[in-house]
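Heads up, the thing below is written out as structure tokens.
Heavy-atom basis, side chains included; hydrogens, waters and symmetry copies ignored. Residue indices begin at 1 and follow the sequence shown.
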Amino acid sequence: MGNGADGAFHTAYWEVRVPPTMDIPAFIEELPNRLGDGWHAEDLGVASEDAQVYLVHDEPKLSITVEQSRSESLAGIDLIAVSRCGIIAPEEKPRTLPHGRGT
């Protein structure tokens with residue numbers, strides 16, 4: 001969605017089904033350590049009974065909430081991602097992209 005002035009962002013939601021034997025809280029707890037450079041977990045200060053982590057990627061800016069699904073019948077993990085989109089200054093556009101600066 002865009003506001004016409006400062007740019008736009010993209011929000012996505014996925015439900016990932018996992019085997020019922022998977023230790024979802026352990027997976028979510030370990031996830032920040034597995035992602036690599038540029039990612040870090042942030043504490044939002046909101047208590048939750050379900051396992052969850054809020055992850056931020058520094059550049060390009062992206063945040064993902066990973067949480068245990070609340071579905072009663074299927075084991076799963078919910079992913080909610082928010083990222084900037086469509087905001088590339090003309091001088092930052094690669095010359096090879098359509099509508100780039102040209103060659």
- Output, in order, the C-alpha distance, side-chain angles, deciding distance and verdict of side chain to side chain contact (heavy atoms under 4.5 Å, CB included) for Gln52 and Asp78. CA-CA 9 Å; Gln52 69 174 22; Asp78 295 336; over 6 Å; no

- Is Leu62 linked to Leu35 within one hydrophobic cluster, defined over Ile, Leu, Val, Met, Phe, Trp and Tyr using a side-chain heavy-atom separation of less than 4.5 Å? yes

- Message: Restricting to non-hydrogen atoms, name the atom on Gly76 and the atom on Ile24 that form the minimum distance, rounded to 0.1 Å.
- Response: O-CD1, 3.6 Å

- Note on the structure: Value for CG (Leu79) from CD (Glu67), rounded to nearest 0.5 Å, stands at 9.0 Å

- What heavy-atom pair brings Ala75 and Pro20 nearest, and what distance separates the two atoms? CB-CA, 3.9 Å

- Trp39 side chain near Pro32 side chain, heavy-atom distance below 4.5 Å: no

- Query: Considering only heavy atoms from C-beta outward, does the side chain of Leu31 approach that of Phe27 to under 4.5 Å?
  - Reply: yes

- Message: Using 0.5 Å steps for rounding, measure from the CD atom of Glu29 to the CG atom of Asp23.
- Response: 9.0 Å

- Should Thr65 and Ser63 count as side-chain neighbours, where that means a heavy-atom distance under 4.5 Å? no

- Task: Would you check if His57 and Ile64 make a side-chain contact, meaning some heavy-atom pair closer than 4.5 Å?
- Result: no

- So do Leu74 and Arg17 actually touch side chain to side chain, heavy atoms under 4.5 Å? yes

- Message: Check for me, please, whether Val18 and Ile80 land in the same ILVMFWY cluster - side-chain distances under 4.5 Å, paths through other members count.
- Response: no

- Does Val82 belong to the same Ile/Leu/Val/Met/Phe/Trp/Tyr cluster as Tyr54, with side-chain heavy atoms less than 4.5 Å apart forming each link? no

- Item | Same cluster (ILVMFWY, side-chain, under 4.5 Å), Trp14 and Val66 | yes

- Task: Kindly work out whether a path of hydrophobic side-chain contacts (I/L/V/M/F/W/Y, heavy atoms less than 4.5 Å apart) joins Ile28 to Met22.
- Result: yes

- Does CG belonging to Asp37 count more than 12 external heavy atoms closer than 6.0 Å? no

